[in-house]
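The next block holds one structure in the form of C-alpha cells; read it before the comments.
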Amino acid sequence: MEKVRVRFAPSPTGPLHLGGVRTALYDYLFAKNQGGEFVLRIEDTDTARYVEGAEEYIEEALEWCGIIPDESPKKGGKFAPYRQSERRDIYDRYTEQILKTDYAYIAFDTAEELDAIRAEYEAKGDVFSYDNKTRNRLRNSLALSEEEVQKLLDAKTPYVVRFKMPVDRTLGLVDIIRGNTSVNTDILDDKVLVKNDGMPTYHFANIIDDHEMEISHVIRGEEWLPSLGLHTLLYEAMGWEAPQFAHLSLILKPEGKGKLSKRDGDKFGFPVFPLNFTDPATGHVSKGYRESGYLPEAFINMVALLGWSPADDKEILTLDEMVKEFDLHKVHKAGARFSKEKSEWFNHQYIQKTSDEELLTILKNSDLSLNIDDEKLLKIIHLMKERATFPKDIYENGKFFFEAPTSYDEKASKKAWNDETSNLLTEFAENLNSINDFVSENIKQSLHDFAENKGLGMGKVMMPLRLALVGELKGPDVPDILELIGKEESIARISNAVNNFK
C-alpha cells in the first residue's frame, strides 16, 4: 500500500476561514489515522490578491488548533520549498514538457481582444467560452501557422499556455465522498495553465506540486469539483498517476441556506476565523475564536463534527480520539449548518473538563482586572465555572467577588427587603465580627444559629444578605461568598446596603 500523504494548500489572500480549518483538520485526521503525513503548502502565485501577514496567520492558526504539519515552509522537509512562489524553476520545466504534448498550446489573445469577443457574444445573447468550439478561430498556436507563431515569439509577444480540452470525451470521475460521476469534455473550457508572466495558475501548479510531493489523496472543498475533469486530464497529459480525490461539502449559514461567510458572523455575532485578523489595508479587526474565549480543543471538536459523525454519534472527542475514528467514507455529502449555540455548548463542555489551575492561567493571561490573589481566584473559579461558557464568564458572572455592588436589583429588593431587614442584617454583621476563623463552614453555622435564635427561616436571612453582598439574588452559596470577600468587606457591604435602604 502506498504511503498516505495529504496536503493543505491555502492561498495567503486573507485569514483562514472556518471551512479552511475544517479542510486542514480532515486532512490531518485522515493522514494520522492512516499512519501518513500531513503537508502544509502555501499557494502564493496570486500576487495581486496577496495579503501581508496571511501566511504567518495560517501557520499560527493551525498551531493553536493543534493541527501540526509534518512538512511546511516553516518546518521544511524533503520536498521543499513549500511556497509556490519559490518553485518557479520546477514549473518552467513542466511547462516545456506539456507543450511537447497534444494537451496544451500557446495563446496570444490580449485581454482587450477577449473582452471584445465576449461583448459580441453577449450582444447575440450568447456566452463566450474559450473551448474546443472556438479555439481554432482565435489567436493561438492551433489557429496560426508555425511561421506566424514564431514571428510573434520572436517579437516577445506576451502569451499564455492553455490546456487543449479533448473533443467529446466522457470522463469517469471518482470521489471518495461523493462516489462515481462523469463529465463530457465538450462542456469544459480550455483553462489557462500558465499566465503571461510565466507563473502557473492554480490548476497547473497544484497538480505539479501534488505529483512532486507524492501526494496520495487530495481533500478539498466542493468548489473545486468542477475542476476535477481538468485535473484528471492534466495527470493524463503528464503521464502521472492521479491521487484519490475527496470533495468536502460546504459549511452553511445558521439558517441553512448558502455558504457561511464573514458577513454572517457579523450579523449573528460569532467569529468565522480561528484567530483575530487585522486587515493590513483597512486596519479592520475580525474577531477570532481564540480571542472570543474558545478553548482550542472545543473549537476543533466543533469543527470536526461539521460534516462527519463518529461511531455512536459521540460528540465530545479529543484530537487523538478523532484520529482513531476518522473515516473519509463517513464524511457527509450534504452541507453542514453552522450553529452558534452548538459552538458555545462545546466550549461550555470543555470549560467543565478544564482544571481550575488551567483556567487560572487563562484568566491571568487575559485583559481582565483581577486584583486578587491566586488562592482566592482558584476558589472563585471552582465555584463559578459550572455556569461558565467562556473563561471571562467566571469574572463577569462573579464580578461581585472583585467589587462591591453599587446598585441593587429593584425586583429583588422588593422581594428580599422589608422594614425589619436593616436591623436584622446589622445584628447579623455583629455576629460575623465575632467569628475568628472566617471560613465557609463556620459562617454557615453562624447563619443557622442566628436564624434559629430569631425564629426565622433561613431564607429570611439569606435573601437580603445575598442582595447586600451581590446586588442581585444570584451567585453561589452565601457562606462561600462571605469567606472569599472576607470579614471586613462583608460587614462593609452589609452596612452599605442598610444605608441604601433607609
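- Within the 3.5 Å criterion, the main-chain N or O of D210 finds no donor-acceptor partner in the side chain of E214.
- Relative orientation of the Y94 and H211 rings is perpendicular, given thresholds of 30° and 60° on the angle between their planes.
- Under the side chain to side chain contact (heavy atoms under 4.5 Å, CB included) criterion, E96 pairs with no residue, sequence neighbours left out.
- One finds a salt bridge joining E325 and K314 here, because a Lys/Arg side-chain nitrogen approaches an Asp/Glu carboxylate oxygen to under 4.0 Å.
- Ion pairing of K191 with D189 is present here, as a side-chain N (NZ or NE/NH1/NH2) and a carboxylate O approach within less than 4.0 Å.
- Pairing each heavy atom of I176 with each of A246, the nearest pair is CB-CB, 4.1 Å.
- Residues that satisfy the side chain to side chain contact (heavy atoms under 4.5 Å, CB included) test with T95, not counting sequence neighbours, are L99, V161, V194, F204.
- Shown here are the side chain to side chain contact (heavy atoms under 4.5 Å, CB included) partners of E341, two or more places apart in sequence or in another chain: S339.
- Qualifying salt bridge (Lys or Arg N to Asp or Glu O under 4.0 Å) partners for D393, counting only residues two or more places apart in sequence or in other chains: none.
- The 12-atom threshold is exceeded at CZ of F270, counting heavy atoms of other residues, nucleotides or ligands nearer than 6.0 Å.
- Contact check on K385 versus D356 returns a salt bridge, with a Lys/Arg side-chain nitrogen under 4.0 Å from an Asp/Glu carboxylate oxygen.
- Every residue was checked against the ring pair (Phe, Tyr, Trp, His ring centres under 6.0 Å) condition with F79, not counting sequence neighbours, and none meets it.
- At a threshold of 4.0 Å, the pair R5-E37 counts as salt-bridged, since one of the basic side-chain nitrogens sits closer than that to a carboxylate oxygen.
- Note: K151 NZ to D154 CG = 10.0 Å, rounded to the nearest 0.5 Å.
- Qualifying side chain to side chain donor-acceptor pair (under 3.5 Å) partners for E223, counting only residues two or more places apart in sequence or in other chains: none.
- Across I208 and I90, no two heavy atoms sit closer than the pair CG2-CG2, 4.0 Å.
- Within a 6.0 Å radius of CD in E386, other residues, nucleotides and ligands contribute 12 heavy atoms or fewer.
- Looking at R263 and D266, no side-chain N of the basic residue comes within less than 4.0 Å of a carboxylate O on the acidic one, giving no salt bridge.
- The ring pair (Phe, Tyr, Trp, His ring centres under 6.0 Å) search around F128 returns Y121, not counting sequence neighbours.
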Pair up each side-chain donor or acceptor in residues 12-19 with any protein partner under 3.5 Å, not counting sequence neighbours, and list the distances.
from	atom 1	to	atom 2	distance (Å)
H17	ND1	G19	N	2.8
H17	NE2	L260	O	3.1

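- K324 NZ: 12 or fewer foreign heavy atoms inside a 6.0 Å radius.
- Distance check, rounded to the nearest 0.5 Å: CD of Q244 to CD1 of I215 gives 13.0 Å.
- Every residue was checked against the ring pair (Phe, Tyr, Trp, His ring centres under 6.0 Å) condition with Y130, not counting sequence neighbours, and none meets it.
- For CD of E52, the number of neighbouring non-hydrogen atoms (other residues, nucleotides, ligands) closer than 6.0 Å is 12 at most.
- Taking the charged nitrogens against the carboxylate oxygens, E255 and R337 have no contact shorter than 4.0 Å, which rules out a salt bridge.
- Among residues two or more places apart in sequence or in another chain, the side chain to side chain donor-acceptor pair (under 3.5 Å) test is passed with N196 by none.
- The pair D115-R118 counts as a salt bridge, with a side-chain nitrogen and a carboxylate oxygen less than 4.0 angstrom apart.
- For the pair L144 and L152, the minimum side-chain heavy-atom distance is below 4.5 Å.
- Taking the six-membered ring for Trp and thresholds of 30 and 60 degrees, Y235 and W240 have ring planes more than 60 degrees apart, a perpendicular arrangement.
- When the ring pair (Phe, Tyr, Trp, His ring centres under 6.0 Å) test is applied to Y289, the partners found at least two apart in sequence or on another chain are Y294, F299.
- The existence of a salt bridge linking K124 and D126 is excluded, since no basic side-chain nitrogen approaches an acidic carboxylate oxygen closer than 4.0 Å.
- Residues D186 and L188 fail the side-chain proximity criterion, which asks for heavy atoms closer than 4.5 Å.
- Considering OG of S11 and CD of E55, their distance stands at 11.0 Å, rounded to 0.5 Å.
- Between R290 and E60 a salt bridge is recorded (basic side-chain N to carboxylate O distance below 4.0 Å).
- Each of K32, K75, R7 was compared with D70 under the salt bridge (Lys or Arg N to Asp or Glu O under 4.0 Å) criterion, and only K32 meets it.
- Among residues two or more places apart in sequence or in another chain, the salt bridge (Lys or Arg N to Asp or Glu O under 4.0 Å) test is passed with R93 by E212.
- Between K78 and E71 there is no salt bridge, since none of the side-chain N atoms of the basic residue sits less than 4.0 Å from a carboxylate O of the acidic one.
- Annotation: N136, atom CG; neighbour count of heavy atoms from other residues, nucleotides and ligands within 6.0 Å is above 12.
- For the atom pair CZ (F163) and CG (L233), the distance works out to 4.5 Å, reported to the nearest 0.5 Å.
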